[in-house]
Undergrad: 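Got a structure for you, questions after.
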Amino acid sequence: MATVSGSEKGTRSRRKRMTGKQRREQLLDIGRELFAERGFDATSVEEIAARAGVSKPVVYEHFGGKEGVYAVVVDREMQILLSMVGDSLAADTPRGKIENAALALLRYVEECSQGFRILARDSHAASGTGSFASLISDIATQVEHILAEEFSSRGYDPKLAPMYAQSLVGMVALTGQWWLEVRKPKREVVAAHLVNLAWNGLSNLEPKPRLDHVQHKRGDT
């Protein structure tokens with residue numbers, strides 16, 4: 001008769017003590033790691049189960065497959081990021097709001113790098129929560145009213161605020177993707193330069209901008 005070693009008994013005991021909620025969180029943590037490392041398509045249920053030390057049916061029982069794990073992971077990350085950016089908009093001044101929003105997004109990149117890698121890969125259709133572009137759009141929506149108020153006070157068309165909000169948030173997000181890999185300079189320095197470009201650009205907006213190069217070319221023909 002085969003004997004069971006003390007280490008194997010201990011492992012089985014630990015697994016038995018894990019509640020359903022704990023197992024679910026463990027699988028989500030492992031899925032998050034794998035999706036960040038490899039992406040959705042390159043991750044398998046077998047890998048998730050193996051890293052958790054369970055059989056595949058356990059993953060299916062909790063999530064129905066890797067699609068279910070991915071959907072929850074992406075939804076959680078999107079909520080964390082949206083919450084961080086939303087909280088940052090509590091500053092008293094428009095520039096303060098933009099500074100805080102840039103810092104919040106970069107803080108998410110720094111502190112939740114796995115989550116940002118997953119979102120920045122462009123969320124898979126399996127997530128059911130849209131793409132990275134839709135996430136940027138959600139954040140931009142929170143910034144629109146700030147720009148609309150500023151535009152109105154300066155005599156610019158507030159209807160253009162959504163477009164500018166998309167541009168500003170997209171600029172920070174794409175810079176965040178670059179900064180995720182290099183991590184230099186420090187977060188505050190990156191945010192300061194982003195705000196320098198954004199705020200000073202907004203401060204000198206032309207009410208009716210035009211493309212001078214295109215206009216000159218047309219005049220030459």
Side-chain angles (χ1 to χ4, degrees), residues 31-41 70-91 93-151 158-203 205 209:
R32 186 173 184 264
E33 292 174 3
L34 287 170
F35 294 136
E37 291 172 11
R38 306 184 182 189
F40 176 83
D41 292 329
Y70 188 79
V72 176
V73 168
V74 169
D75 184 65
R76 284 188 175 185
E77 293 303 323
M78 292 180 78
Q79 293 306 316
I80 290 171
L81 178 52
L82 287 171
S83 176
M84 289 172 69
V85 173
D87 291 343
S88 74
L89 299 177
T93 65
R95 175 162 181 153
K97 293 178 191 291
I98 292 177
E99 288 179 355
N100 286 351
L103 276 171
L105 205 154
L106 292 174
R107 182 163 64 88
Y108 174 78
V109 172
E110 187 173 47
E111 298 177 0
C112 307
S113 57
Q114 286 185 339
F116 186 74
R117 288 182 190 280
I118 294 169
L119 296 180
R121 275 198 177 99
D122 211 0
S123 302
H124 193 277
S127 71
T129 52
S131 64
F132 187 55
S134 69
L135 173 62
I136 295 304
S137 183
D138 288 342
I139 297 174
T141 299
Q142 299 186 40
V143 178
E144 282 179 21
H145 70 279
I146 300 171
L147 295 181
E149 292 174 3
E150 281 296 295
F151 279 20
K159 293 180 181 179
L160 295 174
M163 180 178 68
Y164 279 88
Q166 291 280 346
S167 300
L168 289 173
V169 175
M171 177 179 70
V172 178
L174 288 174
T175 302
Q177 286 183 276
W178 164 80
W179 186 67
L180 175 65
E181 305 301 332
V182 299
R183 297 300 177 96
K184 293 180 181 180
K186 292 182 178 180
R187 179 175 70 202
E188 290 76 12
V189 175
V190 176
H193 281 282
L194 285 168
V195 174
N196 181 41
L197 175 60
W199 187 256
N200 288 319
L202 290 171
S203 299
L205 284 182

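Residue numbers run from 1 in the order of the sequence given. As the structure is a prediction and not an experimental result, all values here were calculated from the model.
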Undergrad: Determine whether a donor-acceptor pair (N or O, by modelled atom type, separation under 3.5 Å) exists between the side chain of Trp179 and the backbone of Lys186.
TA: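 Side chain of Trp179 to backbone of Lys186, a donor-acceptor pair under 3.5 Å: no, none is there.
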Undergrad: If you measure from CG on Asp138 to OG1 on Thr141, what distance do you get to the nearest 0.5 Å?
TA: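 Going from the CG atom of Asp138 to the OG1 atom of Thr141 covers 6.0 Å.
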Undergrad: Rounded to the nearest 0.5 Å, how far apart are NZ of Lys97 and CD of Glu149?
TA: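 Separation between the atoms: 7.5 Å.
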Undergrad: Please check: side-chain N/O of Asn200 versus main-chain N/O of Asn196, any donor-acceptor pairing under 3.5 Å?
TA: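 Between the backbone of Asn196 and the side chain of Asn200 there is a qualifying donor-acceptor contact (under 3.5 Å).
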Undergrad: What I'd like to find out is whether the side chain of Leu202 reaches to under 4.5 Å of the side chain of Phe151, using heavy atoms alone.
TA: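 Heavy-atom side-chain distance check passes, below 4.5 Å.
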Undergrad: For residues 161-181, which residue pairs pass the salt bridge (charged side-chain N to carboxylate O under 4.0 Å, His left out) check, not counting sequence neighbours?
TA: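 For residues 161-181, and leaving out neighbouring residues, the salt bridge (charged side-chain N to carboxylate O under 4.0 Å, His left out) pairs sorted by first residue read Arg117-Glu181.
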Undergrad: Could you label the plane-to-plane angle of the Tyr70 and Phe35 rings as parallel, tilted or perpendicular, counting under 30° as parallel and over 60° as perpendicular?
TA: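 Geometry flag for Phe35 against Tyr70: perpendicular rings.
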Undergrad: With sequence neighbours excluded, what pairs up with Glu37 under the salt bridge (Lys or Arg N to Asp or Glu O under 4.0 Å) test?
TA: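 If we apply the salt bridge (Lys or Arg N to Asp or Glu O under 4.0 Å) test to Glu37, skipping adjacent residues, the hits are Arg51.
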Undergrad: Sequence neighbours left out, what passes side chain to side chain donor-acceptor pair (under 3.5 Å) with Glu144? Give chain and number order.
TA: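 Per chain and number, Glu144 pairs via side chain to side chain donor-acceptor pair (under 3.5 Å) with no residue.
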Undergrad: Quick one: side chains of residues 98-116, donor-acceptor pairs under 3.5 Å with protein atoms, not counting sequence neighbours, listed by atom name and distance.
TA:
{"unit_1": "Glu99", "atom_1": "OE2", "unit_2": "Arg95", "atom_2": "NE", "d": "3.0"}
{"unit_1": "Asn100", "atom_1": "ND2", "unit_2": "Ser88", "atom_2": "O", "d": "3.4"}
{"unit_1": "Arg107", "atom_1": "NH1", "unit_2": "Glu111", "atom_2": "OE1", "d": "3.4"}
{"unit_1": "Tyr108", "atom_1": "OH", "unit_2": "Glu77", "atom_2": "OE1", "d": "2.6"}
{"unit_1": "Glu110", "atom_1": "OE1", "unit_2": "Arg187", "atom_2": "NH1", "d": "2.6"}
{"unit_1": "Gln114", "atom_1": "OE1", "unit_2": "Arg32", "atom_2": "NH1", "d": "3.0"}

Undergrad: Under 3.5 Å, which donor-acceptor pairs link side chains of residues 160-178 to any protein atom two or more places apart or in another chain?
TA:
{"unit_1": "Gln166", "atom_1": "NE2", "unit_2": "Ser137", "atom_2": "OG", "d": "3.2"}
{"unit_1": "Ser167", "atom_1": "OG", "unit_2": "Met163", "atom_2": "O", "d": "3.0"}
{"unit_1": "Thr175", "atom_1": "OG1", "unit_2": "Met171", "atom_2": "O", "d": "2.8"}

Undergrad: Using the test side-chain contact (heavy atoms from CB on, under 4.5 Å), find all partners of Gln142 that sit at least two apart in sequence or belong to another chain.
TA: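 With neighbours one apart ignored, the set is Leu82, Leu89.
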